Structure formats: C-alpha cells, structure tokens
Amino acid sequence: MRYRSTGRKSGLTSLRGAVLRGLAPDGGLYMPAEIARHSPQELEEFRRLPFTEVCFRVVRPFAAPDVPEEVLWQIVAESINFPVKLVSFSPGLHILELFHGPTLAFKDFGARFMARLMGYFVRGESRPLTVLVATSGDTGSAVAHGFLGVRGIRVVILYPSKRISEAQEKQFTTLGENITALEVAGSFDDCQRLVKQAFTDAELNKRAFLTSANSINIGRLLPQMFYHVAAYRQLPVASVPLIVSVPSGNFGNLTAGLFAKRIGLPVAMFVASTNANDVVPEYLSTGEFHPRPATQTFSNAMDVGNPNNFPRLLDLCRGRLELVRREIWGHAATDAETLQEMKSIHDRFGYIADPHTAVGVLGWEAYKREHSEPAQGLVLATAHPAKFADVVKRAIGTAPPLPDRLAAYLKREKLSLPMTSVYDDFKQFLLAQ
Ligand SMILES: *Cc1c(COP(=O)(O)O)cnc(C)c1O
C-alpha cells in the first residue's frame with residue numbers, strides 16, 4: 001500500500017515513510033492511496049476466525065510490502081493481547097468495551113501497534129527517533145506504555161497542566177526510562193500547536209529526527225479498524241442495520257471506523273458524539289466548520305476545539321457535505337446531560353459508564369429518537385470508569401472499584417518537567433536533548 005497526503009501536493013510514500021514522518025511535507029495527513037474491499041464471504045469468515053488472524057488479515061494490505069508478514073503477525077499478536085468485550089444492554093443496544101488494555105482506554109490499540117511498527121522501521125537508524133505527542137489525557141499514557149523500553153526511540157509527551165485527572169497524569173509521568181513528560185502551562189490546544197510547529201520547523205527537523213504519535217499518525221489509525229471488526233464479529237445478529245456511536249475528540253476513532261467501512265464492514269451510520277466541543281456536529285448541521293479553543297468538560301479526553309483528523313473525514317467523503325451527512329450524524333451533549341445519563345445507565349442497566357461512554361450513549365439515543373427505522377446501536381466504550389472516578393462518584397454516588405493496575409500508579413512519584421506554551425522554549429528543550 002502506498003500513502004498519499006490529504007494536502008494533495010506531496011507525492012506518494014510508503015507506510016514506513018508515512019509512519020516515521022507523521023505529517024506529510026505539504027502539511028496534510030497521510031491516507032491509504034486506495035482501500036480494497038473484502039468480499040461478504042470474507043467478512044462472514046471474520047466472524048469465525050480467531051481475532052488475531054482477523055486483525056492480521058485486516059491490516060495486511062495496508063502494511064505490504066513494507067512489513068514482512070511474519071513481522072506483521074508478531075506486531076499484531078503482541079499489541080492486541082487483551083480482549084474486546086461486547087456488553088448487550090438490550091437486543092438493540094450494545095456497548096463495546098475497548099478499555100481492557102494496560103492503560104484502560106481504547107488508545108492502547110493504536111499506541112501499542114504503532115510503537116511496535118515504528119520500532120521495526122527504525123532498526124538500523126543511527127540517530128534516535130523522538131516521538132512527540134500532545135495529550136489531553138489518555139493518549140499520553142497509552143503512548144508512553146506502548147513505547148516504554150522500545151530501543152532507538154524516545155518519547156516526549158506534552159500535557160496541559162492541571163487539566164487532566166491525577167489517575168491519567170500518574171500513568172505517564174512516573175515511568176522514566178525513554179519517556180519524558182512536559183507539563184505545559186496552557187491548554188491541550190497549546191500542546192497540540194507546539195507539536196505541530198515543531199514538525200514544520202525546518203531547522204529543528206534538520207537537527208533532530210522527529211515524529212508524531214498523535215492520531216494524525218496513520219500507524220495509530222490502522223489498528224483502530226480492528227475493534228470495529230471485533231464488534232461486527234460479536235454482534236448476536238449482524239443483519240439489523242448497525243449504527244455506531246463514537247465518542248469523539250480528534251476524530252481518529254471515527255476515521256478508523258470509516259476505514260473499516262471502506263474495507264467492507266456494514267455500518268449504516270456513524271454518530272459523531274461529542275461533548276460541548278461540538279465543531280463537527282455543528283459542521284454537520286450548518287455546513288460550516290469553525291475550529292475554536294477547547295472548552296473543559298467532564299469527558300476531557302474529548303476536549304478538542306480543532307479536531308486534527310477532520311481533513312481525513314472530509315477526504316474520505318470527497319470534501320462534500322452531503323456525502324459526509326450520508327455517513328455521519330452528529331450529536332453534542334452537555335456536562336449536565338452526561339452526568340444524568342451516567343446515572344440513568346447505572347439505574348437502568350446496572351452498568352457503570354465513564355463520561356465519554358455516556359456521551360456515546362446519548363448520541364445513540366438522540367439518533368434513535370429522530371430515526372424510526374429498525375437499527376441496532378453500538379456505542380464504543382472508550383475508557384474504564386475508574387479513570388474518571390470523581391465524575392462517576394458525582395453521577396452515581398459511589399466511586400467505581402479501582403483496578404490494581406491504576407492503584408499501583410497512583411502511589412508512584414510524578415517525574416514531569418515544567419514547560420511554557422512558548423514555542424521557542426519547547427524548541428530549546430528539544431535541541432538540548
Ligand atoms: C481519545 C479519547 C476519545 C476521543 O477519541 P478521538 O479519536 O480523538 O476522537 C474518546 N474517549 C476517550 C476515553 C479517549 O481517550
């Protein structure tokens with residue numbers, strides 16, 4: 001598979017080129033140059049084969065010829081070594097738990113796969129590769145854990161000071177080794193801006209070997225197709241039209257869903273479920289896209305005012321609003337609605353949902369109210385409720401049980417370094433390494 005840029009000014013490149021660069025030279029995002037569909041028979045087979053085998057078959061066309069099959073198999077098997085669980089609330093509503101990986105959020109899929117892919121691609125490089133990543137919470141821990149101990153790679157994580165929970169922060173600021181965390185005096189958008197500016201700084205890029213681990217990296221999106229397929233495999237009835245509600249921030253998750261649909265997965269509609277940071281639902285209703293500074297909410301991993309995968313969504317729909325509307329329906333939830341929904345999910349189904357998942361359920365319910373044709377809803381549960389214990393406590397009165405993995409991190413010492421939101425300070429830091 002060759003990769004092209006959404007900017008359409010850069011030439012085609014290999015998967016290796018796309019993964020190591022992150023962003024294309026023209027500032028666009030890398031896209032698979034063409035996506036082959038699996039036949040209905042192959043899809044039916046996906047419902048029977050072991051999951052590792054299915055993941056391997058899904059990603060193989062995207063990785064050939066850069067990654068030999070036996071290496072790819074190993075990358076898949078090592079990165080997706082935890083379960084995807086489907087919980088059915090009713091025949092018409094299912095929750096797909098994506099949080100059984102080491103950092104208890106769905107980003108483990110992308111981060112673990114990409115780290116191993118990059119590790120393979122930099123073998124034999126003389127300079128160490130520096131992975132830059134801006135995080136609003138969960139990316140940082142998933143990326144840090146994904147890369148921890150990977151040789152030839154160091155990771156620099158930028159996160160907004162005091163805007164993420166202690167549980168999130170402790171998961172990536174206490175690791176040491178090849179992982180450095182920068183606590184930025186600013187917002188997530190500031191962190192994202194610093195990273196973007198570093199990639200477009202020609203002088204810096206001559207002196208340092210940089211790449212990105214944000215969801216702009218195609219290496220993170222490819223493995224996110226796996227669980228869309230996993231859901232399809234586990235649905236009790238696959239014949240009722242499927243509506244997939246995706247709690248969204250940077251829209252990497254939803255983009256991966258569109259990729260999965262392009263390879264043949266039958267999804268009737270995606271719901272772009274957001275919190276108050278609703279630039280995409282607004283685009284869907286008004287046709288105008290107005291990025292703006294992020295607003296803080298309870299579902300803070302989705303506090304994104306300028307979703308970085310939006311160009312990919314547009315590109316997949318040929319830049320045409322009416323085509324986007326045919327595949328994606330938008331809904332934005334307030335914090336008050338989110339809290340109330342967490343309580344209602346607990347009351348109705350005895351299930352503790354994290355705030356992001358609750359935003360997803362709200363999106364599905366809103367869709368259902370406006371569309372009467374038969375459909376089944378699938379909500380992606382993106383984080384374990386214990387990662388958002390304060391919000392859960394506020395919603396249902398009790399905190400969820402703390403998994404041992406998380407409890408161990410809370411006891412460890414934070415090792416992050418302070419950083420301003422001024423680009424020159426960040427650049428000096430990178431050059432001094
Ligand atoms: C990152 C994240 C999201 C948003 O995913 P995008 O791919 O950025 O849209 C949703 N929920 C949780 C828990 C997350 O960590």
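Positions are given from 1 along the sequence. All heavy atoms count here, side chains included; hydrogens, waters and symmetry mates do not. Worth saying up front: this structure is predicted, and the values here are computed from it rather than measured. For ligands, and for the atoms within them, numbers begin at 1 and follow the listed sequence.
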Report, one line per pair, each donor and acceptor closer than 3.5 Å where one atom sits in a side chain of residues 55-62; sequence neighbours left out.
{"unit_1": "R57", "atom_1": "NE", "unit_2": "E53", "atom_2": "OE2", "d": "2.9"}
{"unit_1": "R57", "atom_1": "NH2", "unit_2": "E53", "atom_2": "OE2", "d": "3.4"}

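Taking 4.0 Å as the cut-off between side-chain N and carboxylate O, D190 and R193 count as a salt-bridged pair.
Side-chain atoms of N300 do not come within 3.5 Å of backbone N or O of I164 as any donor-acceptor pair. D354 contributes no side-chain N or O that, together with a main-chain N or O of H384, makes up a donor-acceptor pair within less than 3.5 Å. At least one donor-acceptor pair under 3.5 Å links the side chain of R312 to the backbone N or O of I216.
Other residues, nucleotides and ligands place more than 12 heavy atoms under 6.0 Å from the CZ atom of R292.
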Protein N/O near ligand 1 N/O, under 3.5 Å, which pairs?
{"unit_1": "ligand 1", "atom_1": "7 (O)", "unit_2": "G252", "atom_2": "N", "d": "3.1"}
{"unit_1": "ligand 1", "atom_1": "7 (O)", "unit_2": "N253", "atom_2": "N", "d": "2.8"}
{"unit_1": "ligand 1", "atom_1": "8 (O)", "unit_2": "N250", "atom_2": "N", "d": "2.8"}
{"unit_1": "ligand 1", "atom_1": "9 (O)", "unit_2": "G249", "atom_2": "N", "d": "2.8"}
{"unit_1": "ligand 1", "atom_1": "9 (O)", "unit_2": "N250", "atom_2": "N", "d": "3.3"}
{"unit_1": "ligand 1", "atom_1": "9 (O)", "unit_2": "F251", "atom_2": "N", "d": "2.8"}
{"unit_1": "ligand 1", "atom_1": "11 (N)", "unit_2": "T382", "atom_2": "OG1", "d": "2.8"}
{"unit_1": "ligand 1", "atom_1": "15 (O)", "unit_2": "K107", "atom_2": "NZ", "d": "2.4"}
{"unit_1": "ligand 1", "atom_1": "15 (O)", "unit_2": "D138", "atom_2": "OD2", "d": "2.8"}

